[in-house]
Asker: 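Just passing along the structure, written as structure tokens.
These values consider heavy atoms only, across backbone and side chains, with no hydrogens, waters or symmetry-generated copies. Chain identifiers are assigned alphabetically (A, B, ...) following the order of the sequence lines, protein sequences preceding nucleic acid strands; residue numbering begins at 1 within each chain.
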Amino acid sequence: MRTSDPPDGAPIGRRVFLGLVAAGATVVVAGDPLTRALNRLQTTLATHDPTGLSALIPGGGWRYYTVTSGFPSVARADYRLHIGGLVARPLTLTLDDLADRPRTRLIRDFQCVTGWRVPDVHWAGVTLAPLLHEAGVHPSAAAVQFRSFDGVYTESLTLPQALRSDVLVADTFGAGPVPREHGGPVRMLVAPMYGYKSCKWLSEVRLVPRLTGGYWERYGYAQDGWVGHSNGRDDAPT
Amino acid sequence: MPKTDGSATPTDATMPPPEQLVRFTHGERLTHRTTAGIVLLLTATGLVLYVPSLALIVGRRPLVEAIHVAAGLLLPVPALLALLSPEYRHDLAALNRFQPHDWAWLRRHDRREARLPIGKFNPGQKLAAAAFGAAGAVLFGTGIMLLLPTQLHLSNNLREGATLSHDITTFALLALLIGHLWLAYTHPEARRALRSGNMPYRYAAREYPGWTREQIAIRGRKSK
């Protein structure tokens, strides 16, 4: 192909290019306030949106994480929660066993350590403390380890943290069961801490003599993951 | 093209317009095609990573993520290799420059009938090219930030910002791509030019009169 002389005229293409790149960079730098604003917008829209499409607004709403190659699943009838380790009476609980125990409801913001936050999430389930008392915690136990049936994820709390009234074995999310992508049928909810402390697809709660850390702690996340006071963040506490 | 007897210089009368004008070289078409393939792969894997219901259906998140990252790293490669081609560089220069008739084209409602001497690309294409390039650059840059947050010592704020910028740019790019595909669908001659390299003379004369005149003049000089 033959070409002619290069055209003259103002380099508008370059200016548009650089302007848009600068806009993208501005969003990177102003990410924190923008994410908060979009979260608020998304929440407002979601309450008037039967399609669920508002969940796709960038920066708003839930993001789903899994550390394995998919979202694990288990039939509701086959689900078992084991409470063992340094206890007098190890427990194996079905979903019905959990449903029959005294129920606790919690309405809390859910804050991820990566910045997103979902306000006023409705959770229900059984507080962990009475389950631990029921199993009979051995005096030598100092920490609690949580295991996921994804086979990989683990988390841990000190015993005093695990006995807080806002630490929940959650089987209800909103009006229904905890969906698979949210860690159903049963997950932990450690309400005052960042999301990674709340083990999804919970299969085992184990009393241990000392803290064991967990999946993300190996990558440098804080063991005591209090919202607003850890991981170098200053979010409002949940 | 043969020289016409009895004519010292080629004229419009002696040089019948060709059926087809060469619009894109083989290299340019290959650049477009490989970039389109990479963008398709990025869009598909990106949607699976972003849309929860798709993520549930597909699963295999580490594999999907690895494909997305690999495709993302490859994204600039075809365009950068194409810089070796003078025709591609010339087209970039043509996309960059706005001439008075370009502004008139953007302003006027009768732009199709106004017989403006539009060059190889109309200003809509020029703006779209700049936007595509910027989207690619922002997605590449923020993608690297999301890939190596620890190695780059990024603060939480910057990681959050990179995530948001990557998401917003993706949405803008998808809107742009839908428009791009719609225009390709409604302009078969332009679409075919990217497949065969050739554009029908009649179409070129209507849509890109300035470029068409230029091409005819070059052919004239060439056959002199």
Asker: Quick check against the 3.5 Å criterion: does B:S165 have a side-chain atom that pairs as donor or acceptor with the backbone of A:V27?
Answerer: no
Asker: Counting only heavy atoms from other residues, nucleotides and ligands, does the tally under 6.0 Å from CZ of B:R60 exceed 12?
Answerer: no
Asker: Quick one, B:T142 with A:V28, criterion side-chain contact (heavy atoms from CB on, under 4.5 Å). Give me CA distance, side-chain angles, the key distance, then yes/no.
Answerer: CA-CA 8 Å; B:T142 53; A:V28 171; 3.6 Å; yes
Asker: At a heavy-atom separation under 4.5 Å, does B:T169 approach chain A through its side chain, its backbone, both, or neither?
Answerer: neither
Asker: Atom CG in B:L127, atom CD1 in A:I12: separation rounded to 0.5 Å?
Answerer: 8.5 Å
Asker: What do you reckon, is CD of B:Q151 surrounded by more than 12 foreign heavy atoms closer than 6.0 Å?
Answerer: yes
Asker: Between B:R159 and chain A, with a heavy-atom cut-off of 4.5 Å, which part of the residue counts as in contact: side chain, backbone, both or neither?
Answerer: side chain
Asker: For B:A137, is it the side chain, the backbone, both or neither that has a heavy atom under 4.5 Å from a heavy atom of chain A?
Answerer: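 Looking at B:A137, just its side chain touches chain A.
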Asker: Quick check on A:V67 against chain B: is it the side chain, the backbone, both or neither that has a heavy atom closer than 4.5 Å?
Answerer: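 Contact with chain B involves no heavy atom of A:V67 at all.
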Asker: Would one find more than 12 heavy atoms of other residues, nucleotides or ligands at under 6.0 Å from atom CZ of B:R108?
Answerer: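 Yes - once you tally the heavy atoms of other residues, nucleotides and ligands closer than 6.0 Å, there are more than 12.
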Asker: What part of B:L158 is in contact with chain A, defined as an atom under 4.5 angstrom from a non-hydrogen atom: side chain, backbone, both or neither?
Answerer: both
Asker: Quick one: closest heavy-atom pair of A:P11 and B:R97, and the distance?
Answerer: CD-NH1, 3.7 Å
Asker: In terms of heavy-atom contacts, does CZ of B:R89 have more than 12 from other residues, nucleotides or ligands at under 6.0 Å?
Answerer: yes
Asker: Calculate, to the nearest 0.5 Å, the distance between atoms CZ and CG belonging to A:R14 and B:L95 respectively.
Answerer: 12.5 Å
Asker: Counting neighbours of CZ on B:R191 that are heavy atoms of other residues, nucleotides or ligands and sit closer than 6.0 Å, is the number greater than 12?
Answerer: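 Count over threshold, so yes.
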Asker: What residue, out of B:A172, B:A130, B:G141, has the most heavy-atom pairs lying under 4.5 Å from chain A?
Answerer: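 The candidate making the most pairs under 4.5 Å is B:A130.
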